[in-house]
Each structure stands twice: as structure tokens, then as C-alpha cells.
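Input: a single structure, listed below in C-alpha cells.
Just so you know, these numbers come straight off a predicted model, no measurement behind them. All chains are named by letter (A, B, ...) in the order of the sequence lines, taking the proteins before the strands, and each is independently numbered beginning at 1.
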Amino acid sequence: MGSYIAVTILSYLLYLVLTIGSGDIGLWSLGELVIGIPVAFVAGLAGGKVFGEYIPATLLNPYRWVLFLYYLFVPFFIAMAKANIDVAIRVFTGNINPGIVKIKTGLRKDMALTFLANSITLTPGTLSVDVDENENELYVHWIDVKNLEPEPQEICGDFPQWARRIIE
Amino acid sequence: MSGLIILCLIVGITFNGLGAIALYRFPDVYTRLHGATKATTFGSIFTSLGVIIYGFSKWISTGEARFCVLAIHAILALIALLLTNPTGAHAIARAAHRSGVMPKRAVVDKLAEKEGKW
């Protein structure tokens, strides 16, 4: 029940963001404010079950959202910029040494693994190919293999620690 | 302010262009995914950032709501891009590996070792 309500409220907020600037009541028109309620209700009914299963309740804590935004704009963005410049140089020099390596993540929740896999994929030079759900291991295509049995630190820096702090 | 927007656009276009060049320079599907999907994401972040700065600065100077709408829609597009891009890249890589496309010039392939193909 809680997840249905949460999804309905989130859908309504997203609807409001999408229709911002449509009228005079605040930034919205009366029609948009009213029609958003049934639309959000339907979205809540359709999506509530899925969200309840996959999104852990720890994410309702606003402190984690602050942490997430900090992670996104500071450590992640810096890592992404560095990796982009690195791959940009490789595009010209053609200096690649690719391979698929395995890293132990130590993360238990699906959401945390998804978060880590997406962070790894968004950083150029590393691309998560597959996941071993029983061992919580990620198979990562690495454009410059320095070590056949790497530690997570070598591939994605502090990302697993951040995933643990933000989600678990 | 317009200097900042132009800087964002230049950085964005440079990385988007590099993504296109990477498609020609790299040997197989996995390495091309590095260039073609990720460099273009980084480029698109900067081009969207240019639009967002333009929208908000126009909104502040003219007070017209449509510029605020432009900036907010650009932010939403950016969020959608950041969520769907790694998912798509991951799906392509996994599909390629499952259908038997092995990474070229690879020094190690733990996934194929696990599946007994190496």
C-alpha cells in the first residue's frame, strides 16, 4: 500500500514538473493541476507493485538523496571527466588493451548493484557486460587491462563504497 | 553568460565528434560502445548544460515562464539520458556476448571462461 501511494505522489510531482509554466496558479493552470490527479493515480496503480519490489525503503531517507546528489556532481563527475579525456586520447592513439575482467563488489541489494553497474558503464573505459547474481560479481569490459585479477578500486575507484553508503 | 554557453557547446560538440571518430577507430563492438555511447553522453551533458544555462539566464533577465520551461525540460531530458544510456549500452554488450561476439584483441575474457567458450 505504501509503495502505491509513494508512486502516485511521485508521478503527480513529475507531472507538475513536466507541465510547469502552463498557467497562473503558481506556475500551473487549473486544468493541469486537476487532470494530473487521475493520471498520477493510474500511474500509481500500474507501477506501485514494481517499485515496491525493486526499490528499497532506505531510499525514502532524504539524507541519502543529498549524498546521491553530492556523489553525482563531485566524485562521479570528476571520475567521468577524467575517463572521458583518457578515452578521447585512446581514440586518436589507438592504444587499447581490452578484456573482460571480473570484480567482486560485496554489494547485496539489486538496486545497489544496478547503481554500481550504471556508474561503471557511464564512465568511459569500463563497461559492465554481465552480472553474477549469486556471487554479486560484475563482469566488466575494460579498455586498458592492467591486471588480470583487478581489485574494484582499480576499475571504479570508490564507487562501491558510495553505492553502499547511498543505497544499502 | 553567452561565453559560458558557447564554451559548453564547444566541449559538448568536441566529445560528440570524438564518439563518431571512435566508431571508425576501434576494432569491435565493445570498444566502439565505449566511444560511441559514453563520449556522446558526456558531450550531450555539456550541450544540455548550455541549453539549461541559456533557459535560466533568459528567465531571470526577461521573467518569461517559457524560458524556465525550456530549462526544466532540458534537465528532464538529461536525467532520462543518464538513466537510459548505461542501460542500453549494457543490454547491447550482453546481447553481443551471448550471441557469441568475442572481444577482439582481448587479453582476458573472464565471462567466456565462466561459460566455457575461451
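Aromatic pair B:H34/A:H141: ring centres closer than 6.0 Å.
Taken from CZ in A:F77 to CD1 in B:I45, the straight-line distance is 6.0 Å, to the nearest 0.5 Å. One finds the OG1 atom of A:T123 at 11.0 Å from the CZ atom of B:F42 (value rounded to the nearest 0.5 Å). In this structure, B:I72 CD1 and A:L18 CG are separated by 9.5 Å, a value rounded to the nearest 0.5 Å. Interatomic distance, CD1 of A:I120 versus NE2 of B:H90, reported as 11.0 Å (0.5 Å rounding). From A:N84, atom CG reaches atom OG1 of B:T14 across 11.5 Å, with rounding to the nearest 0.5 Å. Atom CG of A:L127 sits about 9.5 Å away from atom CD1 of B:I92, to the nearest 0.5 Å.
The cluster map of Ile, Leu, Val, Met, Phe, Trp and Tyr, joined by side-chain heavy atoms under 4.5 Å apart, puts A:V140 and B:V29 in different clusters. Cluster membership check: B:I21 does not share its hydrophobic cluster with B:L23, using side-chain heavy-atom separations under 4.5 Å among Ile, Leu, Val, Met, Phe, Trp and Tyr. Hydrophobic cluster membership differs between A:F115 and B:L81, with clusters built from Ile, Leu, Val, Met, Phe, Trp and Tyr side chains linked at under 4.5 angstrom. A:Y70 and A:I166 fall within a single hydrophobic cluster, where Ile, Leu, Val, Met, Phe, Trp and Tyr side chains are chained together by heavy-atom contacts under 4.5 Å. By the rule that hydrophobic residues join a cluster once side-chain heavy atoms approach within less than 4.5 Å of another member, A:L14 and A:V34 end up as members of one cluster.
Neither the backbone nor the side chain of B:F67 comes within contact range of chain A, judged by heavy atoms closer than 4.5 Å. Only the side chain of B:L76 comes within less than 4.5 Å of a heavy atom of chain A; its backbone N, CA, C and O stay farther away. Only the side chain of B:F26 comes within less than 4.5 Å of a heavy atom in chain A; its backbone stays farther off. Heavy atoms closer than 4.5 Å to chain A are found in both the backbone and the side chain of B:L18.
Comparing A:V101, A:V145, A:I96 by how many heavy-atom pairs each has under 4.5 Å with chain B, the most go to A:I96. Ranking A:V17, A:T114, A:V87 against chain B, the residue ahead of the rest is A:V17, based on heavy-atom pairs under 4.5 Å. Between chain B and the residues A:A81, A:G125, A:A88, the most heavy-atom pairs under 4.5 angstrom are made by A:G125.
Pairing each heavy atom of A:T121 with each of B:A89, the nearest pair is CG2-CB, 3.8 Å. Of all the heavy atoms in A:N118 and B:L83, the pair that sits closest is ND2-O, 4.2 Å. Smallest separation of non-hydrogen atoms from B:V69 and A:I20: CG2-O, 3.1 Å. Annotation for A:V131 and B:R94: closest pair N-NH1, 4.5 Å, computed over non-hydrogen atoms.
Taking a 6.0 Å sphere around CH2 of B:W59, one finds it holds 12 or fewer heavy atoms contributed by other residues, nucleotides or ligands. Atom CZ of A:R108 sits in a sparse spot, with 12 or fewer heavy atoms from other residues, nucleotides or ligands closer than 6.0 Å. Within a 6.0 Å radius of CZ in A:F41, other residues, nucleotides and ligands contribute 12 heavy atoms or fewer. Around OH of A:Y15, the count of heavy atoms belonging to other residues, nucleotides or ligands within 6.0 Å exceeds 12.
The hydrophobic cluster containing B:I6 also includes B:I10, under a criterion of side-chain heavy atoms closer than 4.5 Å among ILVMFWY residues, counted directly or through chains of members.
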